Amino acid sequence: MAVEGKTIDALSQFELTPIVAGFTNSNLYMLIAGVAISALMVLGMQPRARVPGRLQGLAEVSYQFVHGMVDEQVGHEGRKFFPFVFTLFMFVLFGNLLGMVPYSFTFTSHIAVTFTLALVVFILITAVALAIHGMKFFGYFFPEGAPIALAPIIIPVEIISYLSRVVSLSVRLFANMVAGHVMLKVFATFVVLLGSLGGIGIIGAAAPLALNVALVGFEFLVAFLQAYVFAILTCIYLHDAVHLH
């Protein structure tokens with residue numbers, strides 16, 4: 001439970017536990033997420049029924065949702081990046097959702113994981129922009145028509161803003177997942193501690209228990225929203241790289 005020696009220990013749930021040499025619980029749940037995503041898409045689309053069942057329907061809705069996002073945000077040119085965005089969205093989503101299973105591990109609550117994902121996105125968008133526009137890409141850091149005299153101010157600001165994409169992507173996901181799971185464990189601790197006091201404590205535990213139930217529902221919503229935000233920001237950055245604005 002959430003009680004560790006009658007104190008609130010809300011951070012122990014994020015500890016990495018070695019399973020074998022060089023393979024931790026975080027790696028295990030990444031592997032589980034990958035297998036689950038593959039199973040959903042392969043088994044879900046295998047029937048190819050005109051009237052889809054639940055699994056096929058879920059696979060098709062996931063595909064159509066991300067495809068529409070890429071098409072709307074990046075345009076027709078962005079369809080080649082759909083597999084990347086789809087994989088990214090599903091990986092983050094399943095990582096968030098797996099963390100809601102009791103006694104599981106949320107690998108998206110580690111900054112090393114979210115930073116690596118954000119860095120992959122950053123490298124991709126930079127490579128795409130250079131491949132399409134060549135040296136014109138560097139004009140992105142000095143808008144056309146801006147006074148030359150302001151270049152020493154505008155260029156550093158634009159470079160910092162561009163580099164901050166890695167930080168904003170990684171910290172947003174990491175912080176939201178950590179904050180949500182900490183709150184869940186804190187209120188779960190209140191429930192257990194109050195419940196251990198007897199009759200009056202059990203009555204007092206009703207309020208944090210009800211709040212915790214509400215938080216669980218909210219965390220499922222956050223799990224989806226954070227995957228969506230990560231994917232749509234990736235699409236926006238791809239749009240900038242493709243169209244250079």
Side-chain angles (χ1 to χ4, degrees), residues 13-14 26-38 40-41 58-75 77-101 104-129 160-184 215-243:
Q13 59 183 310
F14 306 117
S26 180
N27 302 129
L28 174 62
Y29 279 93
M30 289 184 202
L31 183 60
I32 292 173
V35 171
I37 295 166
S38 300
L40 170 63
M41 300 310 297
L58 181 59
E60 289 181 354
V61 166
S62 302
Y63 183 96
Q64 291 170 359
F65 176 76
V66 180
H67 187 274
M69 184 196 310
V70 174
D71 206 38
E72 181 179 347
Q73 296 297 326
V74 188
E77 303 91 337
R79 292 183 180 180
K80 66 182 74 172
F81 305 111
F82 165 75
F84 173 76
V85 178
F86 180 78
T87 303
L88 192 65
F89 171 78
M90 296 297 284
F91 184 72
V92 173
L93 178 61
F94 272 65
N96 295 347
L97 293 178
L98 282 173
M100 297 302 297
V101 178
S104 65
F105 184 83
T106 314
F107 59 79
T108 48
S109 65
H110 274 245
I111 188 66
V113 175
T114 60
F115 183 82
T116 300
L117 292 174
L119 189 60
V120 170
V121 171
F122 179 81
I123 292 172
L124 173 68
I125 61 174
T126 305
V128 168
I160 292 172
S161 176
Y162 187 77
L163 294 176
S164 69
R165 293 176 173 186
V166 179
V167 178
S168 65
L169 271 179
S170 58
V171 172
R172 181 184 290 105
L173 176 57
F174 151 77
N176 275 279
M177 299 317 298
V178 169
H181 284 276
V182 166
M183 288 180 65
L184 283 174
L215 283 174
V216 169
F218 180 72
E219 275 300 290
F220 276 106
L221 176 62
V222 169
F224 173 79
L225 285 178
Q226 288 306 311
Y228 170 74
V229 169
F230 203 97
I232 199 166
L233 284 176
T234 299
C235 290
I236 291 171
Y237 297 155
L238 280 170
H239 175 273
D240 291 345
V242 172
H243 301 285

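Just so you know, these numbers use all the heavy atoms, side chains as well, and skip hydrogens, waters and symmetry mates. What you are looking at is a predicted structure, and each value in this text was computed from that prediction instead of being measured.
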Report, one line per pair, each donor and acceptor closer than 3.5 Å where one atom sits in a side chain of residues 166-177; sequence neighbours left out.
residue, atom, partner, partner atom, Å
S168, OG, S164, O, 3.3
S168, OG, R165, O, 3.0
S170, OG, V166, O, 2.8
S170, OG, V167, O, 3.2
R172, NH1, S168, O, 3.1
N176, ND2, R172, O, 2.7

| request: Apply side-chain contact (heavy atoms from CB on, under 4.5 Å) to the pair I236 and L233, showing each step before the final yes or no. | output: CA-CA 5 Å; I236 291 171; L233 284 176; 4.3 Å; yes

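- Residues L184 and E219 share a closest heavy-atom pair of CD1-CG, 3.7 Å.
- In this structure, F230 has no ring-ring contact (aromatic ring centres under 6.0 Å, His included) partners at least two apart in sequence or on a different chain.
- Nearest heavy-atom pair across Y237 and I125 is CB-CD1, 3.7 Å.
- Judged as a side chain to side chain donor-acceptor pair (under 3.5 Å), and not counting sequence neighbours, the contacts of E60 are Q56.
- Contact annotation: the side chain of V70 never approaches that of R79 to less than 4.5 Å [non-hydrogen atoms, C-beta and beyond].
- Going from atom CE of M69 over to atom OH of Y228 covers 5.5 Å, rounded to the nearest 0.5 Å.
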| request: Could you go through the side-chain contact (heavy atoms from CB on, under 4.5 Å) check for F224 and N96 one step at a time? | output: CA-CA 8 Å; F224 173 79; N96 295 347; over 6 Å; no

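- The OG1 atom of T116 sits 12.5 Å away from the NE2 atom of H110 when rounded to the nearest 0.5 Å.
- Here L238 contributes atom CG and Q73 contributes atom CD; the two are 10.5 Å apart, rounded to the nearest 0.5 Å.
- If you take NE2 on H239 and OG1 on T234, they are separated by 14.5 Å, rounding to the nearest 0.5 Å.
- Minimum heavy-atom separation, H243 to V74: NE2-O, 3.0 Å.
- Taken from CG in L124 to CG in L119, the straight-line distance is 11.5 Å, to the nearest 0.5 Å.
- Note that CG of L40 and OG of S62 are 5.5 Å apart. Values are rounded to the nearest 0.5 Å.
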Between side-chain atoms of residues 80-95 and protein atoms elsewhere (two or more places apart, or another chain), which donor-acceptor pairs fall under 3.5 Å?
residue, atom, partner, partner atom, Å
T87, OG1, P83, O, 2.7

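- For T126, the side chain to side chain donor-acceptor pair (under 3.5 Å) partners are Y162, not counting sequence neighbours.
- With sequence neighbours left out, the ring-ring contact (aromatic ring centres under 6.0 Å, His included) criterion links H181 to no other residue.
- The heavy-atom pair separating S109 from V178 by the smallest distance is O-CG2, 3.3 Å.
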